[in-house]
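Everything below concerns the one structure shown next.
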Amino acid sequence: MPTTSSSEKPNPSRIFSGKRGVRLLGLKMTADGSVKGFFGGNAYLAIVFLLFICLFLLRAAIGFFPGYKVELREDRQSGIEFVNLLKQEVAGHTALLRKMDIAYIAEKRARYSKEEAVILLYNRFEGVVDDHLEEQIYGLAEIEDASKKEKEKQQLRDAVRQHCLNLSDDEIALTLSPLEIKTAPQESIEQAIALATTYALTEAETPDEIDQLQNAIRDGMGSFTQALAEMRSAGNAIGELERKLADKAKETSDLLKRQREIPKRIAALREGASKINDPKEREEKLETAKQLENGLNNHVDIDERATVFYASISEHHDIVDKMVSDLLESKKLIPTTLSSNEAKSLASELKELIPAFQNILEKNKEKLAEWKHDEPIGTTTAVKAFFFGTEWQTNSSWQDVYGILPLLTGSLLIAGVSLLFAVPVALGAAIYVNQFSHHREAALLKPAIEFVQAIPSVVLGLFGVLVLAGLLKDASAHPLLSWIPGFPIQERLNVLLAALLLAFMAAPTIFTLAEDALNNVPRAYSEASLAMGATRLQTALKVVLPSAVSGIIAAVLLGFGRVIGETMVVLLVAGNKAAIPEFSSGLGVVTQPVHTMTSIIAQECGEVETGSLHYMALFMVGLILFLISLSVNSYCQRVLKKSTK
């Protein structure tokens with residue numbers, strides 16, 4: 001019987017075979033153990049990776065609230081918080097004035113549409129001629145001979161005037177925008193063209209007819225013109241006060257920030273000096289660091305700088321009282337009988353908004369009277385400002401604000417609307433494929449629906465921007481769809497467009513999981529139902545579907561997790577307006593642009609300075625998004641586990 005010598009090498013193919021296995025670094029390795037270790041290691045690697053992501057997010061975001069607290073404290077010390085209340089008042093007055101302006105224009109068009117069209121077309125044509133003449137004369141700037149230049153200019157003026165006189169009416173009409181031509185009556189176009197050619201003859205002198213028309217309109221509007229003027233002038237004083245104090249607050253804020261940055265600059269200069277071989281250059285850097293170090297003791301005198309704000313409180317109260325008086329006076333001057341329905345609606349709205357604005361002004365007076373520049377700010381204030389803040393404003397020359405509410409609202413609104421489209425379609429398809437389709441039909445439909453998941457999100461986003469956005473906007477302008485809230489759509493990129501594309505992406509996920517849940521229902525249920533005389537539809541809707549409801553809920557929740565975490569599509573088509581949508585417009589809110597948590601991270605992460613407050617704020621948003629996704633998935637697992645019992 002042959003024996004194996006001690007020098008014979010083992011066969012590699014038999015290293016892991018057998019129960020004895022081999023020993024490597026003191027560890028015994030068998031074939032079964034190696035396979036289990038490989039796949040088990042991968043599973044534990046996923047856990048390690050998950051923990052690594054959590055720690056990374058926490059490490060980057062943990063310093064946000066202390067840093068935000070410092071920013072808010074400096075905003076209070078510098079007076080930015082004080083000025084923000086004044087800015088709120090200015091914005092409120094501007095909003096009222098905008099409504100008054102729109103109401104005035106609507107009423108003016110209703111009463112003087114023909115005269116308005118003449119003025120509009122005349123101004124448009126005047127601009128065309130001016131541009132043409134200016135372009136021609138600009139070419140003479142390089143001529144040094146002044147007399148020759150004047151002669152050339154005169155020749156050009158004559159040529160332009162002659163050119164205008166030789167134009168036919170159709171040619172002049174072509175220089176005007178199609179919208180203006182559509183909205184203007186034919187006689188107005190002819191009158192405007194006549195005035196425009198007169199202009200060409202009289203060399204930039206405004207024809208008296210235009211002045212007469214404008215005066216007639218102004219006189220005809222009566223007290224409405226005076227109401228508009230009263231409301232416009234009512235906000236002048238508060239605007240001037242806000243600008244004066246804003247300059248002071250910004251100056252103090254910059255000083256405080258520079259002083260806060262001094263320790264970092266000193267550390268950077270000393271670190272740089274330690275790496276420089278040139279003694280002279282090293283000495284210069286160390287000297288600069290020393291000067292900065294001495295400057296640390298020169299604190300900004302915030303008490304002295306705050307006196308201007310305290311001194312302005314009484315002035316503010318007087319200004320506000322005068323503004324309220326003017327606004328109430330302008331409200332009285334609005335005519336009670338108006339020709340335009342839009343003007344009537346806005347006038348009625350203004351009569352309610354002005355008293356409401358008056359209440360805001362009174363509350364602001366109390367806030368300013370109680371304002372203290374040295375009142376401390378706690379961490380709770382920073383937490384509330386982040387989670388309940390209604391503004392997300394970064395890279396601003398005035399103040400960076402990190403309120404997550406607009407982003408959270410945008411994400412939830414898009415996700416909710418997309419599920420309204422995706423769930424009925426995906427669930428209906430799953431029921432049809434599972435209960436009604438022939439097996440050959442199912443073999444075609446199921447892979448086709450699941451294939452949608454393979455389309456890259458950036459491709460869908462481009463399709464949305466370049467094709468679907470235009471189609472949706474054009475379709476919304478059709479008169480038959482005017483009954484739908486928010487139609488015609490004003491903003492090309494909006495919630496509805498993003499939701500449609502996300503529904504297209506989420507539907508395959510919901511379809512696959514819902515179809516699996518229907519498959520898990522025991523066949524005995526449906527067979528018993530059919531044996532008792534129920535139809536196929538009754539069996540599907542009243543027996544199979546209720547039995548699979550837990551799995552279907554899990555499918556919907558996973559679809560929700562799919563859409564709320566999507567980035568590229570919402571970045572391209574949601575409009576990226578970081579503001580809470582106006583829910584007061586009802587269902588029309590879905591036609592407004594929004595920003596989302598995912599897209600704000602993708603949009604701003606490339607421009608943010610590493611370690612800055614803005615950097616940490618983005619990681620806070622990422623952490624919250626991660627927790628939402630984790631919660632949804634965790635709940636789904638529980639629902640799925642319950643459904644399989």
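Quantities reported herein were computed from a predicted structural model and do not represent experimental measurements. As a basis for the values below, the full set of heavy atoms in this structure was taken, side chains included, without hydrogen atoms, waters or symmetry mates.
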Which donor-acceptor pairs under 3.5 Å do side chains of residues 446-473 form with protein atoms, sequence neighbours excluded?
{"unit_1": "Lys446", "atom_1": "NZ", "unit_2": "Glu515", "atom_2": "OE1", "d": "3.0"}
{"unit_1": "Glu450", "atom_1": "OE2", "unit_2": "Thr512", "atom_2": "OG1", "d": "3.2"}
{"unit_1": "Gln453", "atom_1": "OE1", "unit_2": "Thr509", "atom_2": "OG1", "d": "3.4"}

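- Of all the heavy atoms in Glu609 and Tyr615, the pair that sits closest is O-CB, 3.3 Å.
- Between Cys636 and Val632, the closest side-chain pair of non-hydrogen atoms falls below 4.5 Å.
- Rounding to the nearest 0.5 Å places CG of Leu361 at 11.0 Å from CG of Leu85.
- Using a 4.5 Å heavy-atom cutoff, the side chains of Thr598 and Leu625 are in contact.
- Atom CZ of Arg258 is separated from atom CD of Glu261 by 11.0 Å, given to the nearest 0.5 angstrom.
- A 6.0 Å sphere centred on CZ of Phe504 holds no more than 12 heavy atoms belonging to other residues, nucleotides or ligands.
- Residues Gly389 and Pro406 come closest through the heavy atom pair O-CD, 3.5 Å.
- Considering only heavy atoms from C-beta on, Ile510 stays 4.5 Å or farther from Leu427 through its side chain.
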If you look only at distance, which donor and acceptor atoms sit under 3.5 Å apart when one is on a side chain in residues 411-419 and the other is two or more places apart or in another chain?
{"unit_1": "Ser411", "atom_1": "OG", "unit_2": "Leu407", "atom_2": "O", "d": "3.1"}
{"unit_1": "Ser411", "atom_1": "OG", "unit_2": "Met597", "atom_2": "N", "d": "3.0"}
{"unit_1": "Ser418", "atom_1": "OG", "unit_2": "Ile414", "atom_2": "O", "d": "3.2"}
{"unit_1": "Ser418", "atom_1": "OG", "unit_2": "Ala415", "atom_2": "O", "d": "2.8"}

* Run the numbers on Ile624 and Phe387 for side chain to side chain contact (heavy atoms under 4.5 Å, CB included), then give the verdict. => CA-CA 10 Å; Ile624 291 169; Phe387 283 104; 3.5 Å; yes
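- Within 6.0 Å of atom CZ in Arg265, 12 or fewer heavy atoms from other residues, nucleotides or ligands are found, so the atom counts as exposed in its surroundings.
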* Asked: Given Arg260 and Glu74, is the salt bridge (Lys or Arg N to Asp or Glu O under 4.0 Å) satisfied, shown in steps?
  -> CA-CA 10 Å; Arg260 179 154 50 91; Glu74 289 183 355; 2.7 Å; yes
Per-pair distances, 0.1 Å, donor-acceptor, side chain in residues 374-385, under 3.5 Å, sequence neighbours excluded:
none

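- Few gaps surround CZ on Phe421; more than 12 heavy atoms of other groups in view lie less than 6.0 Å from it.
- Partners of Thr252 according to the side-chain hydrogen bond (donor to acceptor under 3.5 Å, both in side chains) rule, which considers only residues two or more places apart in sequence or in another chain, are Arg305.
- For the residue pair Gly588 and Pro485, the shortest heavy atom distance occurs at N-CB, 3.6 Å.
- In this structure, the separation between CG on Leu444 and NE2 on His438 is 13.0 Å, given to the nearest 0.5 Å.
- The CG atom of Leu346 sits 11.5 Å away from atom CG of Leu96, with the distance rounded to the nearest 0.5 Å.
- The two atoms that bring Ser437 and Ala442 nearest to each other are OG-CB, 3.5 Å, heavy atoms only.
- Counting heavy-atom neighbours within 6.0 Å of Glu607 CD, excluding the residue itself, gives a total above 12.
- By the side-chain hydrogen bond (donor to acceptor under 3.5 Å, both in side chains) test, Asn364 pairs with Gln88, Glu89, sequence neighbours left out.
- Every residue two or more places apart in sequence or in another chain that forms a side-chain hydrogen bond (donor to acceptor under 3.5 Å, both in side chains) with Ser396 is listed here: Gln393.
- Counting heavy atoms from C-beta on, the side chains of Leu493 and Asn576 never come closer than 4.5 Å.
- The line from CG of Leu571 to CD1 of Ile601 is 11.5 Å long, rounded to the nearest 0.5 Å.
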* Step by step, would you call Asn633 with Leu558 a side chain to side chain contact (heavy atoms under 4.5 Å, CB included)? -> CA-CA 7 Å; Asn633 279 280; Leu558 283 173; 3.3 Å; yes
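- More than 12 heavy-atom neighbours from other residues, nucleotides or ligands sit within 6.0 angstrom of NZ on Lys250.
- Relative ring orientation between Phe56 and Phe52 is described as parallel, the plane-to-plane angle staying below 30° on a 0-90° scale split at 30° and 60°.
- More than 12 non-hydrogen atoms from other residues, nucleotides or ligands lie less than 6.0 angstrom from NZ of Lys87.
- The shortest side-chain heavy-atom distance between Tyr68 and Met616 does not fall under the 4.5 Å cut-off.
- The heavy-atom pair separating Ala514 from Ala555 by the smallest distance is N-CB, 3.8 Å.
- What you find for Ala507 and Ala426 is that their closest heavy atoms are O-CB, 3.4 Å.
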* To do: In sequence, state the C-alpha distance, the side-chain angles, and the governing distance for Ile302 and Leu256, and then conclude on side chain to side chain contact (heavy atoms under 4.5 Å, CB included).
  => CA-CA 9 Å; Ile302 56 172; Leu256 289 172; 4.0 Å; yes
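- Taking the six-membered ring for Trp and thresholds of 30 and 60 degrees, His614 and Tyr402 have ring planes inclined between 30 and 60 degrees apart.
- Although no hydrogens or angles enter the test, the distance criterion places no donor-acceptor pair under 3.5 Å between the side chain of Ser253 and the main chain of Ala249.
- No donor-acceptor pair under 3.5 Å is formed between the side chain of Ser547 and the backbone N or O of Val521.
- Of the inter-residue distances, the one linking Phe357 atom CZ with His93 atom NE2 reads 7.5 Å to the nearest 0.5 angstrom.
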* Dump the intermediate steps for side-chain hydrogen bond (donor to acceptor under 3.5 Å, both in side chains) on Ser585 and Gln592, then the final yes or no. => CA-CA 10 Å; Ser585 58; Gln592 297 175 16; 3.1 Å; yes
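- Counting non-hydrogen atoms of other residues, nucleotides and ligands closer than 6.0 Å to OH of Tyr525 gives a total of 12 or fewer.
- Shown here is Glu251, whose CD atom has more than 12 heavy atoms of other residues, nucleotides or ligands within 6.0 Å.
- Contact annotation: the side chain of Phe511 never approaches that of Val425 to less than 4.5 Å [non-hydrogen atoms, C-beta and beyond].
- By the 4.5 Å heavy-atom criterion applied to side chains, His595 and Trp392 are not counted as neighbours.
- Between Glu81 and Lys367 the shortest side-chain heavy-atom distance does not fall below 4.5 Å.
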* Asked: Leu530 and Arg536: side chain to side chain contact (heavy atoms under 4.5 Å, CB included), yes or no, with the steps?
  -> CA-CA 7 Å; Leu530 293 171; Arg536 176 69 71 180; 3.8 Å; yes
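- Between Phe619 and Phe64, a ring centre-to-centre spacing not shorter than 6.0 Å is recorded.
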